[in-house]
Protein chains: 2
Amino acid sequence: MRTEKKKRATKRRSGPPPTAKKLAIRRENVARILEAAEAVFATRGFSGATTAEIAERAGIPKPNLHYYFRTKQALYRAVLDDILTLWLDATSSIVAEAEPKAALRAYIEAKMAYSRTRPFASKVFANELLHGAPAVKGFLGGAMRRLVDDKAKVIEGWIAAGRLQPIDPHHLFFVLWAATQTYADFDAQITAVLGKRSLGEADFAQAAETVSALVLRGLGLKA
Amino acid sequence: MRTEKKKRATKRRSGPPPTAKKLAIRRENVARILEAAEAVFATRGFSGATTAEIAERAGIPKPNLHYYFRTKQALYRAVLDDILTLWLDATSSIVAEAEPKAALRAYIEAKMAYSRTRPFASKVFANELLHGAPAVKGFLGGAMRRLVDDKAKVIEGWIAAGRLQPIDPHHLFFVLWAATQTYADFDAQITAVLGKRSLGEADFAQAAETVSALVLRGLGLKA
DNA sequence: TGCTATCCTGACCAAATGGTCAAGATACGA
DNA sequence: TCGTATCTTGACCATTTGGTCAGGATAGCA
């Protein structure tokens with residue numbers, strides 16, 4: 001997955017380097033397509049998404065989309081690629097030197113903000129997991145697993161130092177992911193149950209507050 | 001959604017009542033189809049699922065499937081119908097007379113058991129929510145919303161009586177749903193991160209323990 | 001002003017898939 | 001045994017859709 005970040009376009013380049021304007025066109029079009037694809041994959045799923053709809057949303061004819069991304073699969077992979085990067089970056093606050101309470105609160109808030117600002121990304125990822133993660137299994141068992149093991153060690157260190165109630169760090173992460181991403185992935189359920197049309201800033205603030213309170217007190221980090 | 005539970009079959013009956021054996025055949029076939037459909041919808045999503053695959057999994061020819069369920073949509077609705085019933089039943093432990101700690105622990109354990117024993121059901125529901133809940137919006141905003149409002153009142157009662165730390169009861173439910181269902185919906189991620197092939201009883205026990213500990217202590221229900 | 005590489009697009013195609021149909025097979029009451 | 005309602009199924013069809021192609025437009029360089 002994490003390979004070949006730069007050559008997600010179609011044709012293998014061989015001749016002279018492309019000129020500035022051409023590069024700009026390419027970048028612009030690729031960006032539009034990726035954005036449209038993320039939205040369509042999020043709302044329709046991989047199978048439900050059509051390249052025609054993605055192209056229309058991107059404002060280009062379908063064959064032009066296929067010029068930049070040979071297959072729907074390749075486009076999907078590219079969308080996932082961007083999302084995985086986001087995913088890895090979110091854990092940055094969890095480091096041994098940090099103060100546990102502040103670090104965990106920051107993590108919860110970062111994940112919640114991600115649910116608010118990038119709901120499509122979260123949904124595409126959720127959909128991928130839901131269907132067995134065929135395209136990201138390697139990533140999950142590789143880079144991601146290593147990262148989580150790493151962060152789990154940090155948590156264990158805090159516990160050993162008596163700064164945190166004992167808990168299984170991996171399952172702690174699973175709960176945190178679930179509790180924060182649910183506001184993006186299952187917003188349809190949450191809005192319906194709350195009787196709202198959509199979730200606003202206040203709702204996300206309330207959500208972050210509830211999760212933080214529950215988790216922090218649950219870990220013995222609050223009176 | 002919740003209407004017409006009995007006539008999910010195709011032809012509108014008009015003549016004499018069907019005989020015992022016919023009824024048995026029908027029940028048997030409908031059950032097989034529903035079971036196969038739940039599995040296929042869970043792993044492929046609505047769009048990705050094909051009636052051919054469902055029929056094959058049910059061990060019948062495709063036209064026979066269409067004899068019992070006219071359209072893929074109708075079959076999907078029937079599958080969801082069963083799942084929604086399950087969903088509503090799970091909250092039974094949350095009643096005003098109950099002891100908060102035991103009631104919440106029972107709820108968490110019930111939801112976790114549901115994730116373990118009916119992962120396909122959970123996934124179908126998750127997939128439906130993920131894509132905007134087109135088929136269950138009515139249910140969510142109706143029966144389910146009323147139920148949750150009801151249970152939220154119970155929680156608020158406990159809080160008012162000083163038996164629980166103050167918390168937004170709706171968001172508490174969102175966290176509980178997310179934390180328990182994640183083990184069914186996103187098992188691909190959890191197994192990959194844990195480096196296991198699949199989740200066993202011990203994993204679910206550990207998960208339930210972690211969630212319980214976190215939530216109960218988070219609500220001030222544990223030393 | 002040519003020449004080349006990149007970009008754009010209308011028209012098209014093959015495969016997949018939801019659903020139909022008509023001709024049986026089966027159960028069972030009369 | 002006969003008649004009817006239900007059930008079964010091979011063959012078939014219309015539509016959708018991922019992907020192709022050939023020809024044209026555009027940018028940039030010599």
Side-chain angles (χ1 to χ4, degrees), chain A residues 6-33 36-37 40-41 44-79 135, chain B residues 6-34 36-37 40-41 43-79 135:
Chain A
K6 276 291 168 275
K7 60 169 240 276
R8 62 162 57 116
T10 9
K11 295 281 171 55
R12 182 161 303 279
R13 217 166 292 123
S14 56
T19 55
K21 185 152 185 185
K22 289 283 183 183
L23 260 186
I25 290 176
R26 167 167 290 267
R27 203 164 15 229
E28 159 83 11
N29 279 336
V30 165
R32 293 171 70 124
I33 294 171
V40 174
F41 281 134
R44 309 251 189 245
F46 177 78
S47 311
T50 68
T51 54
E53 186 181 353
I54 295 171
E56 189 187 18
R57 187 165 181 136
I60 61 172
K62 191 177 67 149
N64 202 8
L65 181 152
H66 277 92
Y67 170 75
Y68 287 102
F69 297 92
R70 246 197 249 286
T71 66
K72 186 179 164 184
Q73 260 300 330
L75 174 54
Y76 180 65
R77 296 293 253 267
V79 169
Chain B
K6 276 290 167 275
K7 61 169 236 278
R8 63 162 56 117
T10 9
K11 296 279 170 55
R12 181 161 305 279
R13 218 166 291 124
S14 57
T19 54
K21 186 152 185 184
K22 290 282 183 183
L23 259 186
I25 290 176
R26 167 167 290 268
R27 205 167 10 230
E28 159 83 12
N29 280 336
V30 165
R32 293 171 70 127
I33 294 171
L34 285 175
V40 174
F41 282 133
T43 48
R44 309 252 188 243
F46 177 78
S47 311
T50 68
T51 54
E53 185 181 353
I54 295 170
E56 190 187 18
R57 186 163 182 139
I60 60 172
K62 190 176 66 149
N64 203 6
L65 181 151
H66 277 93
Y67 170 74
Y68 286 102
F69 297 92
R70 245 199 247 286
T71 67
K72 185 178 164 184
Q73 260 299 330
L75 174 54
Y76 181 65
R77 296 293 253 266
V79 169

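None of the values given here were measured: they were computed from a predicted structure. Each chain gets a letter, A, B and so on, in the order the sequences are listed, and its residues count up from 1.
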Gap separating the CG atom of L65(A) from the CG atom of L75(A), nearest 0.5 angstrom
6.0 Å

So how far off straight is the helix from dT1(C)-dA30(D) to dA30(C)-dT1(D), going by the axes through five pairs at either end, to 10°?
0°

Compare every heavy atom of [Y] with every heavy atom of [X], then report the nearest pair and how far apart it is.
X	Y	result
R32(A)	G59(A)	NH2-CA, 4.2 Å
A49(A)	R44(A)	N-CB, 3.6 Å
K62(B)	A55(B)	CA-CB, 3.7 Å

Proximity to the side chain of [X] - top-ranked nucleotide from [options]:
X	options	result
P61(A)	dT9(D), dG19(D), dT9(C)	dT9(C)
H66(B)	dG18(D), dC7(D), dG19(C)	dG19(C)
P63(B)	dC21(D), dT9(D), dG18(C)	dT9(D)
K72(A)	dG19(D), dG18(C), dC8(C)	dG19(D)

Measure the distance from [atom1] on [X] to [atom2] on [N] and round it to the nearest whole Å.
X	N	atom1	atom2	answer
K62(A)	dT9(C)	NZ	P	14 Å
L23(B)	dC7(D)	CG	P	8 Å
I54(B)	dG19(C)	CD1	C1'	14 Å
F41(A)	dG18(D)	CZ	C1'	12 Å
E28(A)	dC8(C)	CD	P	10 Å
Q73(A)	dG19(D)	CD	P	9 Å
I33(B)	dT8(D)	CD1	C1'	12 Å
N64(B)	dT26(C)	CG	P	14 Å

DNA chain D: 5'-proximal contact among T71(A) and G59(B) (nearest heavy atom):
G59(B)

Hey, which of these two, I60(B) or A49(A), hits DNA chain D nearer its 5' end, going by closest nucleotide?
I60(B)

Between T51(B) and F69(B), does a side-chain contact (heavy atoms from CB on, under 4.5 Å) hold up when you go through it step by step?
CA-CA 10 Å; T51(B) 54; F69(B) 297 92; over 6 Å; no

[N], OP1 or OP2 - any side-chain N/O from [X] closer than 4.0 Å?
X	N	result
Y68(A)	dC8(C)	yes
T50(A)	dT17(D)	no
N29(B)	dT6(D)	no
R26(A)	dC7(C)	yes

Where does the angle between the aromatic ring planes of F41(B) and Y76(B) fall among parallel (under 30°), tilted (30 to 60°) and perpendicular (over 60°)?
perpendicular

Electrostatic pair E53(B):R57(B) at N-O distance under 4.0 angstrom:
no

side-chain contact (heavy atoms from CB on, under 4.5 Å) evaluation trace for I25(B) with E28(B)
CA-CA 5 Å; I25(B) 290 176; E28(B) 159 83 12; 5.8 Å; no

